[in-house]
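What follows is a set of notes on a single structure, which appears directly below.
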There are 2 protein chains.
Amino acid sequence: MTSAGHAEAPQRTPGNQPKTARGEATRKAILSAAERVIGAKGYNEASIGYITSEAGVAQGTFYIYFKTKEEVFSELVLEMGRLVRHTIAESTQGIQNRLEAEKAGLTAFLEFVRAHPDLYRIVQEALFVDPGAYREYYTAFEDGYRAGLSSAQEAGQISPGDAETRAWALMGIARALGEQLVVFDTKKPISELVETAYDLIANGIKPAES
Amino acid sequence: MTSAGHAEAPQRTPGNQPKTARGEATRKAILSAAERVIGAKGYNEASIGYITSEAGVAQGTFYIYFKTKEEVFSELVLEMGRLVRHTIAESTQGIQNRLEAEKAGLTAFLEFVRAHPDLYRIVQEALFVDPGAYREYYTAFEDGYRAGLSSAQEAGQISPGDAETRAWALMGIARALGEQLVVFDTKKPISELVETAYDLIANGIKPAES
DNA sequence: GATAAACATGAATACTGATTCATGTTTCAT
DNA sequence: ATGAAACATGAATCAGTATTCATGTTTATC
């Protein structure tokens with residue numbers, strides 16, 4: 001039985017990209033279901049069975065496109081990174097003044113987060129499920145941020161100061177406000193959050209000299 | 001055999017506090033091992049077997065003091081909350097000026113985080129393992145923070161602005177810098193991080209009017 | 001110094017859920 | 001039309017591990 005025959009079957013595509021329109025669609029369905037399910041229940045509670053049933057396919061189908069549960073998770077983190085950076089870059093396109101760019105970028109980020117709460121939570125969980133992906137996510141983010149701050153500084157658009165630490169602090173603000181939206185369900189409109197944060201970032205909280 | 005006898009044995013202390021010095025010590029050992037193991041490997045990878053072996057007790061002993069694995073986790077989150085708030089309150093004791101208090105509090109927080117990296121990661125993971133505890137942690141934190149900002153505002157020590165949003169933003173900065181220490185292993189000394197963050201918080205990044 | 005409660009043990013239980021596999025079905029190039 | 005590759009199925013496997021339990025040992029009280 002098992003008339004294997006040809007010794008070198010070409011079955012082992014590493015990432016297993018689909019080669020057909022049908023396959024493409026199925027893979028997308030699984031990825032999207034994974035995003036929703038993992039985002040909602042967390043990595044561990046999100047069983048393959050639940051993900052596949054949510055995607056409308058059989059359990060085994062999952063393993064045609066992903067080697068492990070972790071793999072689909074990592075892919076989601078990467079996707080989130082790409083999307084967020086793209087969204088922000090787009091929104092700050094052509095804005096010359098750094099402080100204005102800051103405001104536009106923060107607004108775009110918060111809007112994105114509100115539209116994709118699942119992806120947001122997935123990135124948070126990556127710290128434990130896939131630390132490497134987590135670091136890459138924030139490091140990539142920081143690189144761009146710091147570069148922007150540095151050149152703005154050289155152009156005299158912002159005051160001097162350690163660009164790296166500032167980048168982290170500003171990312172921390174964005175993250176905290178995003179969490180307000182997604183985790184704490186604040187009622188405040190994004191514009192209001194941005195207004196307050198922008199004032200803090202631009203002017204600080206020290207009272208004006210009297 | 002098993003001459004049970006008395007029908008109503010008083011075995012069911014809910015939280016199961018120890019009643020003996022020995023018990024006290026064992027419970028502490030388990031809690032401390034759990035902190036290290038869960039902090040290092042994350043909630044799911046941290047098996048009861050590993051925790052107890054790390055604590056130097058048998059597996060069953062765990063269930064004398066904790067009803068479930070989740071219970072010990074929640075307790076750690078609570079402990080972290082108490083410790084952090086206590087540490088910060090202590091460090092800002094008697095400082096009248098809000099901005100100075102901000103600096104002292106941030107320094108104390110970062111030093112605490114560096115000293116307890118495990119607890120820090122545990123709080124992060126609580127978002128998925130015990131969302132209620134996560135919210136309580138940050139809500140309690142925010143309450144104090146916002147109150148402080150509000151009264152400082154009334155006293156004219158800081159400029160006017162939405163205290164709640166500001167509280168979240170400032171907590172975001174602290175958290176991001178803490179993460180630099182614990183997750184990204186930055187080489188920068190705490191004092192330097194605080195210096196940059198403080199300048200940002202007090203003055204913002206807008207260049208001084210020329 | 002005896003008795004009961006408290007504490008400790010670690011093997012056995014019980015269950016969950018990721019991954020595999022033998023067996024179809026669909027797609028597509030020829 | 002037809003054979004091979006791609007895709008799909010879902011039951012079976014397999015491993016890990018939280019929790020329980022029957023059985024000892026220690027502690028403290030009388």
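Because the structure is a prediction, the values reported are computed rather than measured. Lettering follows sequence order; numbering is per chain, from 1. Side-chain atoms are counted along with the backbone in the values below, which use heavy atoms only and exclude waters and symmetry mates.
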How long is the line joining [atom1] of [X] and [atom2] of [N], in whole Å?
X: B/I64; N: D/dT27; atom1: CD1; atom2: P; result: 14 Å
X: B/K69; N: D/dG16; atom1: NZ; atom2: P; result: 15 Å
X: A/K19; N: D/dA5; atom1: NZ; atom2: C1'; result: 10 Å
X: B/E71; N: D/dT19; atom1: CD; atom2: P; result: 10 Å
X: B/Y50; N: D/dG16; atom1: OH; atom2: C1'; result: 16 Å
X: A/Q59; N: C/dG24; atom1: CD; atom2: C1'; result: 18 Å
X: B/K67; N: D/dT20; atom1: NZ; atom2: P; result: 11 Å
X: B/I30; N: C/dA8; atom1: CD1; atom2: C1'; result: 10 Å

### Message
Between B/R36 and B/S32, do the side chains contain a donor N or O and an acceptor N or O under 3.5 Å apart?
### Response
yes

For a quick test of reading the model: is some side-chain N or O of [X] closer than 4.0 Å to OP1 or OP2 of [N]?
X: B/Y65; N: C/dA8; result: yes
X: B/Y63; N: D/dT19; result: yes
X: A/T61; N: D/dT9; result: yes
X: B/T68; N: D/dT19; result: no

### Task
Given side chain to side chain contact (heavy atoms under 4.5 Å, CB included), test B/K19 with B/E24 step by step and report yes or no.
CA-CA 7 Å; B/K19 300 179 164 45; B/E24 189 77 34; over 6 Å; no

### Message
Heavy atoms only, 4.0 Å cut-off, all strands: where does A/S47 land among base, sugar-phosphate and nothing?
### Response
sugar-phosphate

### Query
How would you label the contact of B/T20 with the nucleic acid (heavy atoms, under 4.0 Å): base, sugar-phosphate, or nothing?
sugar-phosphate

Any idea which of [options] is nearest the [X] side chain?
X: A/P18; options: C/dA6, D/dC7, C/dT19; result: D/dC7
X: A/T26; options: D/dC7, C/dT9, D/dA18; result: D/dC7
X: A/A58; options: D/dG10, D/dA8, C/dT9; result: D/dG10

### Query
Mind checking whether A/Y138 and B/F184 have parallel, tilted or perpendicular rings, split at 30° and 60°?
perpendicular

### Task
Determine, using ring centers only, whether B/H116 and B/F112 are less than 6.0 Å apart.
yes

### Query
Can the ring centres of B/Y43 and A/F128 be said to be less than 6.0 Å apart?
no

### Query
On DNA chain D, nearest-nucleotide positions of B/F62 versus B/R22: which is more 5'?
B/F62

### Task
Could you pick out which residue, B/G60 or B/A21, lies toward the 5' side of DNA chain D when each is mapped onto its nearest nucleotide?
B/G60

